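To keep things clear, I will list the structure first and then write my remarks on it.
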Amino acid sequence: MTETARAWLVKSEPDVFGFDDLVRAPDHTTPWDGVRNYQARNYMRDDMRVGDVVLFYHSNANPAGVAGLAEVASEPYPDPTQFDAGSDYHDAASDRSAPRWWLVDVRATAPLARLVTLAELREDPVLAGLDLPLLRRGNRLSVMPIPAAAVDRIVALAES
DNA sequence: GCCAACGTTGGC
DNA sequence: GCCAACGTTGGC
């Protein structure tokens, strides 16, 4: 991790759990459970810190885009759903003494003035210079670092 | 619903 | 360790 990358972007399908759902959650907070990708897990387990800025992105949506601002609200801890046989995210191969999947809590801090769409992100010359993982071809990561400058820019776009 | 891109699995 | 098959993601 570089020191300037202390900001993150997380994806969620608004039909399943959108930014408004996070706002309505107790303390505007939810465990970011169900992530089953090692790179995304590593970001949560190893690199996220309480208070880091998080952009909440709506994927598989019409339109897709950044919907709101959030923050990391806990230290990393094992994702309890991996041990829950009734959960879609159950992982029978994960051992309680060495959990495979980790998460952090995410708390909504503020909605953006409006949704900033994926198309806008792609068209913006400032963001183009920041080489966002989100905008790379074929990107599928659900948790990724984002430069702080990109957060500032996206907030500005939302207010424009 | 389609399909390209990607990560994971498992046979060898 | 290779790589084909498979399942999933996510934009459109």
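Letters A, B, ... mirror the listed sequences (proteins, then strands); counts begin at 1. All values derive from a computational prediction rather than experimental measurement.
Per the geometry, CG belonging to A/Leu121 stands 11 Å off P belonging to C/dC12, to the nearest Å. Spacing between atom CE of A/Met144 and atom C1' of C/dG10 amounts to 11 Å, rounded to whole angstrom units. Between the CG atom of A/Leu134 and the C1' atom of C/dG11 there is a distance of 11 Å, rounded to whole Å.
Remark: aromatic rings of A/Phe56 and A/Trp8 are distant, center separation not under 6.0 Å.
Between A/Arg49 and A/Asp52 there is no salt bridge, since no side-chain nitrogen of the basic residue lies less than 4.0 Å from a carboxylate oxygen of the acidic one. Ionic pairing of A/Arg36 and A/Asp79 is present here: one or more N-O contacts between side-chain nitrogen and carboxylate oxygen are shorter than 4.0 angstrom. Ion pairing between A/Glu75 and A/Arg45 fails under the 4.0 Å rule for side-chain N and carboxylate O.
In this model, no donor atom of one side chain and acceptor atom of the other lie less than 3.5 Å apart for A/Glu13 and A/Ser59.
Residues A/Val72 and A/Tyr77 share a single hydrophobic cluster, defined by chaining ILVMFWY side chains whose heavy atoms lie under 4.5 Å apart. In the hydrophobic clustering of ILVMFWY residues, with side-chain heavy atoms under 4.5 Å counting as a link, A/Leu121 and A/Leu141 come out together.
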Derivation of the side-chain contact (heavy atoms from CB on, under 4.5 Å) call for A/Trp102 and A/Met44: CA-CA 7 Å; A/Trp102 293 68; A/Met44 291 200 286; 5.6 Å; no

Reading 5' to 3' through nucleotides 3-9 of chain C, protein heavy-atom contacts under 4.0 Å coded B for base, S for sugar-phosphate only, - for none: ----BBB

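A heavy atom closer than 4.0 Å to some atom of DNA chain C occurs in no member of residues 86-95 of chain A.
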